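Data block below; observations after.
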Amino acid sequence: MNPIQSLRDSLYKTIVAALEQAKKDNLLEFSTIPDFVIEVPREKEHGDFATNVAMLLARQAKMAPRKIAEIIVAQIPVNQAGFKKVDIAGAGFINFYLDNSWLYGIPALVQTMGNEYGQNQKQNIKVQVEFVSANPTGNLHMGNARGGAIGDSLANILSLAGYDVEREFYINDAGNQIEIFAESLEARYLQLTGHDVMFPENGYAGQDVIDTVKGIISRYGKDLVVLSSQERRQRLVEEALQEKVTYIAKTLQEFGINYDVWFSEKTLHQAGKIDEVIAELERKEFVYEKDGALWFKSTRFGDEKDEVLKRANGLPTYFAADIAYHKDKFERGFDWVINVWGADHHGHIARMKGAIQALGYNPDQLDILLMQLVRLLRSGNVVRMSKRTGTTVSLDELIEEVGQDAARFIFVMRNPDSHLDFDMELAKQQNQDNPVYYVQYAHARICSIFRQAEAAGISLPPVEQINTALLKEQEEMDLLRKIADFPEEINVAARTMAPHRIARYVLDLAGLFHSFYNHHRVINDNQALQGARLLLMSVTCTTIKNALSVLGVSAPEQM
RNA sequence: GCGCCCGUAGCUCAGUGGAUAGAGCACCGGCCUCCGGAGCCGGGAGCGGAGGUUCGAUUCCUCUCGGGCGUACCA
């Protein structure tokens with residue numbers, strides 16, 4: 001249930017009916033109704049809704065926009081319930097002013113829906129969000145953390161917007177990186193079992209690899225020394241990958257993220273899916289051979305240069321595996337596929353979409369949500385990558401140090417397109433500088449009101465006994481209006497893949513609550529008004545909680 | 001060089017082609033005998049630059065100047 005959308009839909013019908021009536025009466029000439037918008041004006045003085053339809057019709061109707069607006073307005077039954085007045089303003093805007101009856105219905109709606117408030121109608125559209133998909137060869141870093149926060153929040157938003165959502169993690173457990181990983185593991189294993197071997201030049205030099213190998217040695221001792229190198233590497237890499245993937249899953253779970261599907265790249269190799277997809281592209285004549293390698297004609301799809309699918313050594317590239325992976329996604333019947341990628345992968349987008357198109361799928365059904373990189377700050381100084389661990393601060397260290405709530409809120413607060421400076425000190429501060437507490441404090445404060453009320457023997461009356469029309473103060477109306485916005489805000493955030501909108505939203509909502517709180521008392525001598533305000537507090541509390549929940553942030557009752 | 005992203009208030013950032021561009025922080029001044037002062041109220045300044053499309057541009061296009069990131073038979 002989305003009150004704003006309902007109002008807009010009904011206004012849309014009213015306007016279209018007015019246009020058609022005017023045309024029928026030969027007052028207005030046009031062949032097609034333009035693609036007009038019904039927006040919520042920035043300025044309250046401009047009404048509850050406004051439309052630009054008159055301006056857009058000017059050319060077709062060969063008439064001044066204000067004149068057209070007058071004709072349209074004359075056809076609108078302003079006296080009908082819900083309307084206060086309809087105005088023409090500015091260059092030809094038609095402004096609609098509604099009476100407050102719709103707003104007074106909001107609390108009952110929220111109260112009834114409870115945890116479900118924000119949920120839009122189901123649309124039967126399958127969408128997949130793939131995010132983090134970190135290499136299982138190391139720790140999760142700050143970039144993965146941002147991707148996790150954005151991806152998971154977006155998935156929550158899409159779900160509330162009415163989509164059927166699946167969360168997926170793509171495990172890169174095959175290919176070149178894994179070969180190097182295996183070599184690194186083997187070198188460490190042999191070194192730690194007393195052999196003097198060289199560590200590979202591009203190997204994984206991090207302490208975590210050594211720790212992993214130590215763990216393997218504690219389980220299997222020196223048993224692997226006698227194996228052939230190939231067998232030894234295979235055993236080591238299997239053990240290590242299992243450990244790493246388990247660790248990644250556990251860390252992400254502690255970050256509030258639970259996946260529906262963990263997809264292994266290796267299974268694509270084993271099932272021959274990669275050769276299959278290369279063969280398909282060859283059949284469709286998007287592949288050629290040069291210098292012993294097989295190339296995909298990605299320039300045909302606007303890419304800067306063609307890309308190698310299969311190297312001269314006969315091994316497929318990561319790109320080839322990724323094509324097979326995306327083909328698999330589309331074969332699974334998703335209507336919309338979203339990948340959350342770090343900005344360093346942007347060069348991959350054009351060729352991936354090209355490959356999708358080459359395979360006969362619609363590249364518009366694939367969206368890449370690109371997020372800019374994260375810089376970690378401590379006391380205003382950039383923290384450099386550590387050679388020892390391969391990360392600045394790993395996600396589990398981050399959760400340990402600043403907590404899930406602050407970390408998730410800060411990561412998701414910014415537009416993914418913006419660079420993010422993550423300030424450890426700020427994230428840890430439990431004061432006004434830290435936005436997450438501002439919101440949580442609002443929630444805790446409302447809970448406190450209810451505790452106070454209860455102590456005084458006051459409880460929230462049944463909704464049907466409450467007269468919400470007693471809420472007349474500006475702060476009360478502003479709160480109601482903001483609460484009514486939540487489902488539509490979810491819709492817009494889903495459509496534009498912009499989870500940061502929900503963070504802004506809940507900050508605004510908390511601000512409106514604090515303002516109300518400082519101006520008016522909930523518990524007071526006027527029983528009827530007290531009941532209405534208790535209900536207002538209850539639904540404010542619910543909305544804050546639901547919005548925070550979307551972001552993976554808790555709503556504490558006390559702080 | 002070429003490609004993608006970003007240049008908005010002193011700082012960090014919002015801003016689905018609309019009317020007078022908004023928050024937070026910082027700074028100054030107010031507000032608790034009263035439901036949690038982790039709060040509220042008030043106070044200044046800004047769309048990097050130049051063209052173009054449009055009735056209307058912070059938003060779209062071109063050029064330009066800054067910053068970040070790519071530009072592997074790595075992933």
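For clarity, every value in this text was computed on a predicted model and none was experimentally measured. Values below: every heavy atom of this structure, side chains too, minus hydrogens, waters and symmetry copies.
For Tyr12(A), the side-chain contact (heavy atoms from CB on, under 4.5 Å) criterion is met by Val16(A), Phe36(A), Ile38(A), not counting sequence neighbours. For the side-chain contact (heavy atoms from CB on, under 4.5 Å) test, residues two or more places apart in sequence or in another chain that qualify with Ala494(A) are Ile157(A), Leu158(A), Ala161(A), Tyr163(A). For His519(A), there are no side chain to side chain donor-acceptor pair (under 3.5 Å) partners two or more places apart in sequence or in a different chain. Remark: Cys541(A) pairs with His443(A), Ile446(A), Cys447(A) by the side-chain contact (heavy atoms from CB on, under 4.5 Å) rule, at least two apart or across chains. Legend: residues meeting side-chain contact (heavy atoms from CB on, under 4.5 Å) with Lys310(A), ordered by chain and number and at least two apart, are Asp275(A), Ile278(A), Leu294(A).
Residue Ser515(A) has a polar side-chain atom (N or O) positioned under 4.0 Å from OP1 or OP2 of C41(B). Regarding contacts with the backbone of G15(B), a side-chain N or O of His500(A) is found under 4.0 angstrom from either OP1 or OP2. For the OP1/OP2 pair of G15(B) and a distance below 4.0 Å, the side-chain nitrogens and oxygens of Asn415(A) include at least one atom meeting the criterion. When the side-chain nitrogen and oxygen atoms of Arg311(A) are compared with OP1 and OP2 of A72(B), none of them lie within a distance under 4.0 Å. Checking the phosphate oxygens (OP1, OP2) of C40(B), no side-chain nitrogen or oxygen of Tyr441(A) falls inside 4.0 Å.
Crowding of Arg59(A) atom CZ: a count of heavy atoms from other residues, nucleotides or ligands under 6.0 Å not exceeding 12.
One interatomic measurement links the two molecules: CD of Glu265(A) to C1' of A75(B), which rounds to 9 Å at whole-angstrom precision. Between His141(A) atom NE2 and A75(B) atom P the separation is 17 Å, expressed in whole Å. Summarising the geometry, the separation between CD on Glu475(A) and P on C40(B) is reported as 12 Å, rounded to the nearest angstrom. For Ile323(A) and A75(B), the CD1 to C1' distance is 14 Å, given to the nearest whole Å. Taking atom CD of residue Glu454(A) and atom P of nucleotide G36(B), one finds them 14 Å apart after rounding to whole Å. The nearest whole Å value for the distance from the CD atom in Glu307(A) to the C1' atom in A75(B) is 12 Å. For the pair Glu179(A) CD and C74(B) C1', the computed distance is 13 Å after rounding to whole Å. Nucleotide G70(B) holds its C1' atom 15 Å from the CD1 atom of Ile368(A), rounded to whole Å.
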Can you check side chain to side chain donor-acceptor pair (under 3.5 Å) on Tyr517(A) and Glu475(A), steps first, answer last?
-> CA-CA 9 Å; Tyr517(A) 182 90; Glu475(A) 290 81 3; over 6 Å; no
Pairs: protein N or O with nucleotides 54-64 of chain B N or O, under 3.5 Å:
from	atom 1	to	atom 2	distance (Å)
C55(B)	OP1	Arg59(A)	NH2	2.8

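Within 4.0 Å of Asn95(A), counting heavy atoms only, lies at least one base atom of the nucleic acid. Nucleic acid contact class of His443(A) (heavy atoms, under 4.0 Å, all strands): none. Residue Arg375(A) is out of contact with every strand shown, counting any heavy-atom pair closer than 4.0 Å. At the heavy-atom level, Ala321(A) lies nowhere under 4.0 Å from the strands shown. At the heavy-atom level, Glu39(A) lies under 4.0 Å from base atoms of the strands shown. Residue contacts for Val522(A): at a heavy-atom cut-off of 4.0 Å it reaches a base atom on one of the strands shown. Residue contacts shown for Ala498(A) are absent, as no nucleic acid heavy atom lies under 4.0 Å away. Among the atoms of the strands shown, base atoms are found under 4.0 Å from some heavy atom of His345(A). Residue-level contact check: Gln558(A) touches the bases, meaning some heavy atom is under 4.0 Å from a base atom. Nucleic acid contact for Ile523(A): base, since at least one base atom lies under 4.0 Å from a heavy atom of the residue.
We find that Arg375(A) and Asp421(A) are joined by a salt bridge, their nearest charged nitrogen and carboxylate oxygen being less than 4.0 Å apart.
For Arg414(A), the side-chain atoms get nearest to U12(B) when compared with the rest of U12(B), G37(B), A75(B). Minimum atom distance to the side chain of His514(A) is reached by C40(B), of the listed C40(B), A75(B), G36(B). Relative to the side chain of Tyr517(A), the nucleotides C35(B), C74(B), G39(B) differ in distance, and C35(B) lies closest. When distances are taken from the side chain of Met559(A) to each of C73(B), A38(B), C34(B), the shortest belongs to A38(B). Considering only side-chain atoms of Ser448(A), the nucleotide from U12(B), G18(B), C35(B) that sits closest is C35(B).
For residues 493-520 of chain A, the set of pairs meeting the salt bridge (charged side-chain N to carboxylate O under 4.0 Å, His left out) definition, not counting sequence neighbours, comprises Lys482(A)-Asp508(A), Glu489(A)-Arg501(A). For residues 522-544 of chain A, the pairs satisfying salt bridge (charged side-chain N to carboxylate O under 4.0 Å, His left out) are Glu476(A)-Arg533(A), with sequence neighbours left out. Counting only residues at least two apart or in different chains, salt bridge (charged side-chain N to carboxylate O under 4.0 Å, His left out) contacts with residues 62-72 of chain A are absent.
Annotation: side chain of Ser153(A) is in contact with side chain of Arg408(A) (closest heavy-atom distance under 4.5 Å).
Taking the P atoms as reference points, G29(B) lies 42 Å from G66(B), given to the whole Å. Taking atom P on both C28(B) and G70(B), the two are 42 Å apart, rounded to the nearest angstrom. Nucleotides C63(B) and C47(B) are separated by 24 Å at their P atoms, to the nearest Å.
In C32(B) the base sits syn relative to the sugar, since the glycosidic angle is no further than 90° from 0.
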With a cut-off of 3.5 Å and sequence neighbours excluded, list every side-chain donor-acceptor pair involving residues 87-97 of chain A.
from	atom 1	to	atom 2	distance (Å)
Asn95(A)	ND2	His46(A)	O	3.4
Tyr97(A)	OH	Glu45(A)	O	2.6

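With pairs defined as Watson-Crick or G-U wobble and both atom distances under 3.5 Å, the stems of at least three pairs that touch RNA chain B come out as B:1-7 with B:65-71, B:10-13 with B:22-25, B:27-31 with B:39-43, B:48-52 with B:60-64.
For Phe93(A) and A19(B), the ring-to-base geometry satisfies the stacking test (centroid distance below 5.5 Å, interplanar angle below 30°).
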Which letters describe nucleotides 3-11 of chain B, given B = protein heavy atom under 4.0 Å from base, S = only from sugar-phosphate, - = neither?
-> BBSS-----
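With hydrogens and angles ignored, no donor-acceptor pair closer than 3.5 Å exists between the side chain of Asp508(A) and the base of A14(B). Remark: the Asp344(A) side chain and the G70(B) base include no donor-acceptor N/O pair separated by less than 3.5 Å.
Looking at His345(A) and Asn339(A), their side chains never bring a donor and an acceptor atom within 3.5 Å of each other. Under the 3.5 Å distance criterion, with hydrogens and angles disregarded, no donor-acceptor pair is assigned to the side chains of Gln530(A) and Asn526(A).
A residue-by-residue look at Ala174(A) and Val40(A) shows that Val40(A) has its nearest nucleotide of RNA chain B further toward the 5' end.
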